[in-house]
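Read through the structure below, which is laid out as structure tokens, and then see the notes.
Throughout, residue positions are numbered sequentially from 1 according to the sequence presented. On a predicted model such as this, the values are computed, not experimentally measured, just so you know.
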Amino acid sequence: MDDKEAIELLEKQIKALEQAGIDMSGDRTFFYVGEYDLALEGVYVAHKRHPGVLDAKEVRALVDDFGMDTAEFDR
């Protein structure tokens with residue numbers, strides 16, 4: 001996936017979480033200022049806390065694409 005596709009997918013996931021009633025305001029701010037790694041961390045944590053809202057394969061694809069180490073969030 002190229003950078004544009006990854007950013008679009010990240011925004012899609014933020015929107016899906018917001019539509020589910022999850023407060024993603026801080027993560028949206030990170031997204032808007034180009035801190036995509038921090039926004040993805042918020043998406044990942046929200047996904048772990050609210051399973052079933054996001055497609056797990058899409059979350060994993062983003063994590064892999066960004067090279068994010070999720071060990072600290074998986075405890």
Residues R28, E18; criterion side-chain contact (heavy atoms from CB on, under 4.5 Å); working and verdict
CA-CA 10 Å; R28 178 151 300 278; E18 289 171 335; 2.9 Å; yes
Closest heavy-atom pair and its distance - [X], [Y]:
X: D27; Y: L38; value: OD1-O, 4.0 Å
X: L54; Y: L17; value: CD1-CD1, 3.8 Å
X: A6; Y: M1; value: CA-SD, 3.4 Å

Nearest 0.5 angstrom please: [X] [atom1] to [Y] [atom2], how far?
X: L40; Y: H47; atom1: CG; atom2: NE2; value: 11.0 Å
X: E41; Y: E35; atom1: CD; atom2: CD; value: 10.0 Å
X: F73; Y: K48; atom1: CZ; atom2: NZ; value: 11.0 Å
X: M24; Y: I14; atom1: CE; atom2: CD1; value: 5.5 Å
X: K15; Y: L10; atom1: NZ; atom2: CG; value: 11.5 Å

Give a yes or no on whether V33 and Y36 share a hydrophobic cluster (residues Ile, Leu, Val, Met, Phe, Trp, Tyr; joining criterion: side-chain heavy atoms under 4.5 Å apart).
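No, V33 and Y36 fall in different hydrophobic clusters.
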Would you mind writing out the side-chain donor-acceptor pairs for residues 57-71 within the sub-3.5 Å range, not counting sequence neighbours?
unit_1, atom_1, unit_2, atom_2, d
E58, OE1, K12, NZ, 3.4
E58, OE2, K12, NZ, 3.0
R60, NH1, D64, OD1, 3.3
D69, OD1, A71, N, 3.1
T70, OG1, D74, OD2, 2.9

Using side-chain heavy atoms (C-beta onward) and a distance below 4.5 Å, is D37 in contact with F30?
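No, their side chains stay 4.5 Å or more apart.
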